[in-house]
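No experiment lies behind these values; they were computed from the predicted model shown.
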There are 2 protein chains.
Amino acid sequence: MSENRALKTVNLSVIKTACSNCNLRELCLPLGLNSLEMAKLEEIVSNRKRVKRGDLLYRAGEPFEALYAIRSGFFKTDVIMEDGRDQVTGFQMSGELLGLDGISNENHSCNAIALEDSEVCLIPFDHLERLSRQVPTLQNHFHKVMSREIVRDHGVMMLLGTMRAEERLAAFLLNLSQRFVARGYSPAEFYLRMTREEIGSYLGLKLETVSRSFSKFQEEGLIAVQQKHIRILDIPGLKRLMNHGQG
Amino acid sequence: MSENRALKTVNLSVIKTACSNCNLRELCLPLGLNSLEMAKLEEIVSNRKRVKRGDLLYRAGEPFEALYAIRSGFFKTDVIMEDGRDQVTGFQMSGELLGLDGISNENHSCNAIALEDSEVCLIPFDHLERLSRQVPTLQNHFHKVMSREIVRDHGVMMLLGTMRAEERLAAFLLNLSQRFVARGYSPAEFYLRMTREEIGSYLGLKLETVSRSFSKFQEEGLIAVQQKHIRILDIPGLKRLMNHGQG
DNA sequence: CGACCTTTTGAACGTATTCAACCGATGTGG
DNA sequence: CCACATCGGTTGAATACGTTCAAAAGGTCG
């Protein structure tokens with residue numbers, strides 16, 4: 001009732017972030033909140049921010065103040081060692097939260113870089129903590145989001161620690177596929193937003209190995225690949241490949 | 001009161017968990033709490049549990065109900081794939097929290113196994129959430145603990161994704177050393193609680209490679225190793241080795 | 001004390017990397 | 001709008017690193 005949802009000539013740029021209208025609310029922080037609770041969350045999700053392709057949303061070492069919910073676009077996070085080597089720690093897409101690494105010591109510990117023009121919702125962390133003390137549903141869901149990140153990381157460790165090159169790539173493609181499905185896109189056809197080198201960094205492989213593995217998958221009829229455009233032709237085949245590691 | 005564990009002469013086993021007396025309180029969940037807050041925490045840290053060497057504290061798939069603070073002892077966590085391959089995701093020592101992985105979907109996603117006779121404090125998770133709604137310091141600290149786990153995992157990804165065998169082992173030894181120091185033990189001399197195979201699983205290497213790398217370090221005068229007994233002779237040397245990856 | 005598990009070490013092997021050349025796509029400035 | 005420069009991707013051949021297989025020695029625990 002006393003909701004926004006304007007009449008006529010309300011300038012688009014004035015429309016505040018409205019989680020309740022966001023089609024990502026089932027993937028994002030508002031999951032499970034009732035409309036009253038959602039309204040409270042909207043109050044603290046203060047602003048949106050645009051990040052152009054190639055730009056950093058935040059940088060390792062910067063003070064941590066807010067989490068970011070990806071409204072649209074695609075990001076990578078990476079960590080860089082003193083000697084220059086870097087490791088991509090994840091690829092994030094719409095509805096996912098960026099910045100959780102910064103809570104630990106109030107400084108970001110990785111870089112977040114937009115792989116395409118993107119838009120994020122700012123969630124000042126002190127506000128989020130305050131609100132989640134009042135809204136148990138939000139509190140619990142936030143804890144689950146953090147925990148899910150830990151579980152995801154364990155999956156990456158498994159991938160890096162025990163899988164061969166082609167298994168890693170298969171796992172990577174299947175994971176992307178799943179996440180696209182959850183967003184209403186095709187599970188079988190998508191554009192990669194990242195380069196072979198970035199995929200390689202994430203998977204602990206060199207870009208040449210990634211490229212060779214793509215070619216091999218194509219030869220075997222598992223996928224059709226043309227640069228960044230991927231069509232998965234045989235999902236069960238990829239799954240089989242993934243779980244038949246060392247024979 | 002209606003508790004088990006009979007009375008008689010103030011039996012030692014009756015003494016309740018008392019965070020305020022625990023010498024791990026500066027490493028563990030109570031960090032930063034005042035005495036009133038600590039008292040509240042003690043109320044919910046209900047019981048202790050002994051876990052014998054080789055026994056599982058929890059198992060992947062089991063329903064998640066509580067976190068566990070390690071009071072004494074040493075654990076590993078691992079994840080097992082359908083095809084039997086397994087990945088050690090971490091080694092945990094006193095003052096560290098086990099079970100964070102279970103929050104995400106209310107089921108544990110890894111196994112926690114005691115590598116020596118150990119004792120843990122049970123922290124029922126619903127109680128913890130309730131209390132952390134009342135105690136902002138606790139809430140914030142808990143968030144930091146979870147975030148720290150995420151940052152740690154990123155470090156492991158870096159290790160698995162970009163480091164060579166010897167660098168990984170050096171990083172592993174230096175990490176253990178640091179953690180022992182934080183607990184008042186020697187940074188340079190300690191017993192490994194895990195086998196070469198478990199180290200290898202954690203580091204994404206085979207046990208033979210771990211063994212060979214230990215021998216190499218010994219030849220180079222970096223460490224003295226005798227089975228599970230380690231003496232680090234040249235910490236700066238190990239650090240150098242770790243950061244001079246690909247030349 | 002004997003059985004078993006862990007660790008060490010050697011030699012052959014295999015997978016991913018490195019180095020290099022080439023091709024195609026993309027984007028910018030004249 | 002085209003030409004050119006740059007970046008990203010593919011593919012081949014040689015190499016290197018860690019793995020695999022194997023044997024034996026050293027510890028540990030019933």
Side-chain angles (χ1 to χ4, degrees), chain A residues 52-54 76 85-88 113 115-117 159-173 191-220 223-230 241 244-247, chain B residues 52-54 76 85-88 113 115-117 159-173 191-220 223-230 241 244-247:
Chain A
K52 283 218 294 279
R53 178 191 151 125
K76 72 167 177 182
R85 283 182 284 182
D86 73 325
Q87 171 72 28
V88 170
I113 298 144
L115 296 182
E116 61 181 28
D117 291 356
L159 183 147
L160 292 170
T162 78
M163 294 189 186
R164 336 181 128 294
E166 289 174 23
E167 297 179 88
R168 296 186 199 184
L169 191 61
F172 172 71
L173 290 174
Y191 279 90
L192 298 173
R193 280 19 183 259
M194 67 297 278
T195 65
R196 302 289 189 261
E197 184 168 22
E198 286 163 335
I199 297 173
S201 171
Y202 181 62
L203 299 179
L205 301 170
K206 294 294 159 187
L207 68 94
E208 295 95 329
T209 308
V210 173
S211 180
R212 274 185 247 276
S213 301
F214 270 131
S215 301
K216 182 116 181 290
F217 286 178
Q218 178 148 256
E219 281 168 31
E220 291 166 349
I223 65 173
V225 51
Q226 213 170 5
Q227 305 293 124
K228 297 201 144 76
H229 180 235
I230 301 281
L241 198 157
H244 275 282
Q246 47 222 35
Chain B
K52 284 218 293 280
R53 178 189 152 129
K76 71 168 177 181
R85 284 181 285 181
D86 72 324
Q87 172 73 28
V88 170
I113 298 144
L115 296 182
E116 61 180 30
D117 291 356
L159 183 147
L160 291 170
T162 78
M163 295 189 187
R164 335 182 129 293
E166 289 174 25
E167 297 180 87
R168 297 185 198 184
L169 191 62
F172 171 72
L173 290 174
Y191 279 89
L192 298 173
R193 283 15 184 261
M194 68 298 279
T195 66
R196 301 289 189 262
E197 186 168 20
E198 287 163 333
I199 297 173
S201 172
Y202 180 61
L203 299 179
L205 302 169
K206 294 293 158 186
L207 69 94
E208 294 95 329
T209 307
V210 174
S211 179
R212 274 185 248 274
S213 301
F214 271 131
S215 300
K216 182 117 181 290
F217 286 179
Q218 178 148 257
E219 281 168 32
E220 291 167 348
I223 66 172
V225 51
Q226 213 169 5
Q227 305 294 124
K228 298 202 144 73
H229 181 235
I230 301 281
L241 197 156
H244 276 282
Q246 45 223 38

Enumerate all atom pairs, one protein N or O and one N or O from nucleotides 21-27 of chain D, separated by less than 3.5 Å.
| residue | atom | partner | partner atom | Å |
| --- | --- | --- | --- | --- |
| D:dC21 | N4 | B:Glu208 | OE2 | 3.3 |

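- The CZ atom of A:Arg193 sits 19 Å away from the C1' atom of D:dG9 (whole-angstrom rounding).
- Taking five base pairs at each end of the helix from C:dC1-D:dG30 to C:dG30-D:dC1, the local helix axes there meet at an angle of 50°, rounded to 10°.
- The distance from the CZ atom of B:Phe214 to the CD1 atom of B:Ile199 is 4.5 Å, given to the nearest 0.5 Å.
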Quick one: which protein N/O atoms are closer than 3.5 Å to N/O atoms of nucleotides 12-16 of chain C? Pair and distance per line, please.
| residue | atom | partner | partner atom | Å |
| --- | --- | --- | --- | --- |
| C:dA16 | OP1 | A:Ala165 | N | 2.7 |

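- Every side chain to side chain donor-acceptor pair (under 3.5 Å) that A:Glu116 has, sequence neighbours left out, goes to A:Arg193.
- In this entry the distance linking CG of A:Leu207 with P of D:dC7 reads 14 Å, nearest Å.
- Using a 4.5 Å cut-off on side-chain heavy atoms (C-beta onward), A:Tyr202 and A:Val210 make no contact.
- Separating the CZ atom in A:Arg168 from the OG atom in A:Ser213 is a distance of 10.0 Å, to the nearest 0.5 Å.
- Heavy-atom nearest nucleotides on DNA chain D were determined for B:Val210 and for A:Glu197, and the one closer to the 5' end corresponds to A:Glu197.
- In this entry the distance linking CZ of A:Phe214 with P of D:dG8 reads 16 Å, nearest Å.
- The shortest distance between the side-chain N/O atoms of B:Lys228 and the OP1/OP2 oxygens of C:dT7 is below 4.0 Å.
- Rounded to an integer number of Å, the gap from B:Leu203 CG to D:dC17 P is 18 Å.
- Shown here are the side chain to side chain contact (heavy atoms under 4.5 Å, CB included) partners of B:Gln227, two or more places apart in sequence or in another chain: there are none.
- To the nearest 0.5 angstrom, B:Leu169 atom CG is 8.0 Å from B:Leu205 atom CG.
- In this structure a side-chain-to-backbone donor-acceptor pair under 3.5 Å is missing from B:Thr162 to A:Gln87.
- Taking atom CZ of residue B:Arg196 and atom P of nucleotide D:dT28, one finds them 12 Å apart after rounding to whole Å.
- Partners of A:Lys228 according to the salt bridge (charged side-chain N to carboxylate O under 4.0 Å, His left out) rule, which considers only residues two or more places apart in sequence or in another chain, do not exist here.
- Put simply, CG on A:Leu192 is 13 Å from C1' on D:dG8, counting in whole angstrom units.
- Listed pair A:Ser211 / D:dT11 fails the phosphate criterion, with no side-chain N or O lying under 4.0 Å from OP1 or OP2.
- Sorted by first and then second residue, the salt bridge (Lys or Arg N to Asp or Glu O under 4.0 Å) pairs involving residues 209-219 of chain A (not counting sequence neighbours) are A:Glu166-A:Lys216, A:Lys216-A:Glu220.
- Under the side chain to side chain donor-acceptor pair (under 3.5 Å) criterion, B:Glu208 pairs with no residue at all, not counting sequence neighbours.
- In this structure A:Glu197 satisfies the salt bridge (charged side-chain N to carboxylate O under 4.0 Å, His left out) test with no other residue, sequence neighbours excluded.
- Rounded to a whole Å, the CZ atom of B:Arg53 is 11 Å from the C1' atom of C:dC5.
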